[in-house]
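Only a predicted model underlies this, so the values are computations on that prediction, with no experimental measurement involved. Atoms considered below: every heavy atom in the structure, side chains included; atoms not considered: hydrogens, waters and symmetry mates.
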Number of protein chains: 2
Amino acid sequence: MRKATIKDVAKIAGVSTSTVSRVLSGNTSISIATAEKVRYAAEKLGYIPNTAARCLRCDKSKSIGVVLPDISGEFYSLCASSILKYAHSAGYTVLFIESGNDLSSETEGVNILLQHGVDGMIFIGGGIDASLIQEISKEVSVVTGDRKVKNVPSVTFNNRVTVKKLTQSLYKSGFRKFLYLGESFNSFDNLSDRYAGFNDAINNYHDATAITILEDSLHGDKLSVSFELFENKISEIMPEVIITSNDLIAQGIISASYKCGIKIPEQIAVTGFDDMTSSAYYTPSVTTVRQDADKLSKICFNTLIDMIENKPVSSSEINQEIIIRESADIKEGTL
Amino acid sequence: MRKATIKDVAKIAGVSTSTVSRVLSGNTSISIATAEKVRYAAEKLGYIPNTAARCLRCDKSKSIGVVLPDISGEFYSLCASSILKYAHSAGYTVLFIESGNDLSSETEGVNILLQHGVDGMIFIGGGIDASLIQEISKEVSVVTGDRKVKNVPSVTFNNRVTVKKLTQSLYKSGFRKFLYLGESFNSFDNLSDRYAGFNDAINNYHDATAITILEDSLHGDKLSVSFELFENKISEIMPEVIITSNDLIAQGIISASYKCGIKIPEQIAVTGFDDMTSSAYYTPSVTTVRQDADKLSKICFNTLIDMIENKPVSSSEINQEIIIRESADIKEGTL
DNA sequence: ATGAATAATGCAATCGTTTGCATAATAATA
DNA sequence: TATTATTATGCAAACGATTGCATTATTCAT
């Protein structure tokens, strides 16, 4: 048998479809008796309102789009999970888009969202063309997470302050010869901010030395690259501490050093970024910076909903947390 | 200005809406000239077809629902990513639902999918009430992934065969005292299958000893549990090899043994399951079983689409791959 | 050139809701 | 009781697309 519609419910309950609609949405005055009848009929028929029809009529979909680089990344998947949670409990539905690498797949993805008439979009992380976001934000409510785009409300982490603090406490812990080893960046605010924070700290110390290595191929699982890098470059330099821009690099360094017979943290201290699950169980466990994905997601979502409901919104910044573990011995009280 | 509709396009192009529709869907005969005009008008207006309207009219949404325990799990997030990929390139949209723990959130999630009129659903992994799936499968096309439900097409891994093979090759590599350390199971086919495979192999050997420990609290990141377990129980037993039912347990064992001064793999060999990213970089790296999430997702999706299009479908099984690494020294040629 | 077949297009109904307006029923007030 | 507010309901028109049927324009064959 066909799926029950509001008409069927109306017929069974002996009222008009308007009444059924009103009972079910429950925001107008309805006599208790009819409400009862309607609810009974709906229940009996197993009536499920048709979202498409409602969406068409009301010109809003109660759905949002979420664009992120790849949903299988540890951080992003946590965001996905959180957003799903908040969205569902607010009666919203979520469409995810992986921006991937190329602009064309991005545009295509955004088009899917547009076609579906999402009420708003959240863009999380880099890798998505800024001008595209700008463009979209004129048509529909947009919030960016972990990234800033001009004239678009954003939710970001305080990377710069955190890395400055981290560097300072390493200095206070006695380290003097620093190596900053990070992914190269162009306009990725969070990466450049991390490096900026490093410099903020270093520039205050005249008895500290700092070298920087920025590499494109460091990210992802290309740890062998780190290994080479370690053998070729670091051995000449021999820093006392290596500050990296993500945990995978840090783990790569640790792994490489292990194979070269260099002891971590005894000979070289290493810090990461992201607090990946594996970092806690690594040997040695990785001193790193934790970013609260759930918090980011929550604020992004709430901000977006406020925008959709035409409430005033503003950007926000979330504090990161430095997690001290074995790979870098940060002295008590230096944070 | 309002978003352009098919009417606007029709007016600009000087044709009827029917014609516009036909041009854009491109499956009926249309003169080249009008097609040209229509396409030009659509382009000029930035026309984006309204999915809700189409969905309403055609009674299909070109969308599917995917229900999984949690989208942030490493394996599941890979599935999510893959499904997104295949779905989008087939013109489908995806709604994810986290089944979480309780039945109520499951039912709620499924309701969301029903309301949205998804054309089909994929249920991946355990934790979702089997009878609920049965129920749903009467209303809409359903495929299960990494799990079997009566009368529902499924895509599963050959857990039993794989673990049997793994056990056999460990035996052939010289191990005799086995410990199977896994999550306890009730109806989770994959877990019970793994254990069954272990027994399949062991039962053939009269000179091998096997102990089994099944624990509820082993899964997830409760590695301290493993640690306790290791100290209290295993030390009395002292197996030569430990076969675990997932990588986290294996890593926990490795980590615990390290702290107890037991050398792995020299004193005890350990195998995991899942081939998590971290397992490759662990020290020692973890011998494990890889399950191809992308393959699973692809077959699930294709099967579902076949069902939706009323083509005949059948269940399939995917071979797992044993990945030999440092934590368990499987001899060449024993596989 | 004339009728038959085919190709192009338009008309209008339809999908399932919601909602402004009108009306009927009820309650409050004078 | 007559009159006015208030509360409950129904009617019917949207929302934007698709599609069966009817119609017109075109092509083809004889």
Look at all strands and tell whether Thr34(A) reaches a base, only sugar-phosphate, or nothing, counting heavy atoms closer than 4.0 Å.
-> sugar-phosphate
How about Gln134(B): does its CD atom have over 12 heavy atoms from other parts shown lying under 6.0 Å from it?
-> yes
Starting at CD1 of Ile32(B) and ending at P of dT26(D), how long is that distance when rounded to a whole Å?
-> 15 Å
Between Val20(B) and Thr17(A), just flag the one whose closest nucleotide in DNA chain C comes earlier from the 5' side.
-> Val20(B)
Is it the case that more than 12 heavy atoms not belonging to Glu309(B) sit under 6.0 Å from its CD atom?
-> yes
For residues Ser21(A) and Ser18(A), is any side-chain donor paired with an opposing acceptor at under 3.5 Å?
-> no
Please list, pair by pair, any protein nitrogen or oxygen found under 3.5 Å from a nitrogen or oxygen in nucleotides 21-24 of chain D.
none

Rounded to whole Å, the CD-P distance (Gln115(A) to dG16(D)) equals 15 Å
Tyr47(B) OH to dA17(D) C1': how many Å, rounded?
-> 7 Å
Are Asp294(B) and Tyr86(B) close enough that a side-chain donor and a side-chain acceptor fall under 3.5 Å?
-> yes
Among Ile136(A), Val118(A), Ile133(A), the one residue meeting side chain to side chain contact (heavy atoms under 4.5 Å, CB included) with Val110(A) | Ile136(A)
Between the first and last five pairs of the helix from dA1(C)-dT30(D) to dA30(C)-dT1(D), the angle of the axes, rounded to 10 degrees = 40°
Side-chain donor-acceptor contact under 3.5 Å, Asn159(B) with Asn190(B) | no
Aromatic rings Tyr92(B) and Phe301(B): how do their planes relate, parallel, tilted or perpendicular, breaks at 30° and 60°?
-> perpendicular
Nearest-nucleotide wise, let me know which of Ser18(A) and Ser29(A) is further upstream toward the 5' end of DNA chain D.
-> Ser29(A)
Using only side-chain N and O atoms of Arg54(B), determine if any of them is under 4.0 Å from OP1 or OP2 of dT18(D).
-> yes
Phosphate OP1/OP2 of dT9(D): any Ser31(A) side-chain N/O under 4.0 Å | yes
Side-chain donor or acceptor of Gln115(B) paired with backbone N/O of Ile48(A) under 3.5 Å = no
N or O in side chain of Thr19(A) less than 4.0 angstrom from dA8(D) OP1/OP2 = no
What nucleotide, of dC15(D), dT18(D), dA8(D), holds the atom closest to the side chain of Ile6(B)?
-> dT18(D)
Gap between atoms CG and P, on Leu56(B) and dT18(D) respectively (whole Å) | 11 Å
Chain A footprint on DNA chain C, 5' to 3' - any atom under 4.0 Å from a heavy atom | dG16(C) to dG20(C)
Judged by nearest nucleotide, the residue sitting upstream toward the 5' end of DNA chain D, Ala52(B) or Ala35(A), is Ala35(A)
Given atom NZ of Lys62(B) and atom P of dA17(D), what is their separation to the nearest angstrom?
-> 17 Å
dA12(D) P sits how many Å from Arg57(A) CZ, rounded?
-> 16 Å
Asn50(B) atom CG is separated from dT18(D) atom P, nearest whole Å, by 10 Å
Going by distance alone, is a donor N or O of one side chain under 3.5 Å from an acceptor N or O of the other, for Ser105(A) and Asp102(A)?
-> yes
If only atom types and distance count, is the side chain of Ser77(A) paired as donor or acceptor with the main-chain N or O of Gly73(A) below 3.5 Å?
-> yes
Can you tell me how far P of dT7(D) sits from CD1 of Ile30(A), to the nearest Å?
-> 13 Å
Do you see a donor-acceptor pair shorter than 3.5 Å between the side chains of Ser104(B) and Thr107(B)?
-> no
Exam field: side chain Ser82(A) to backbone Cys79(A), donor-acceptor pair closer than 3.5 Å = no
Under 30°, 30 to 60°, or over 60°: which ring-plane class applies to Phe75(A) and Phe157(A), parallel, tilted or perpendicular?
-> perpendicular
Reckon Ser16(A) has a side-chain N or O less than 4.0 Å from the OP1 or OP2 of dG10(D)?
-> yes
For Thr5(A), report the nucleic acid contact type (base, sugar-phosphate, nothing); a contact means any heavy atom under 4.0 Å.
-> sugar-phosphate
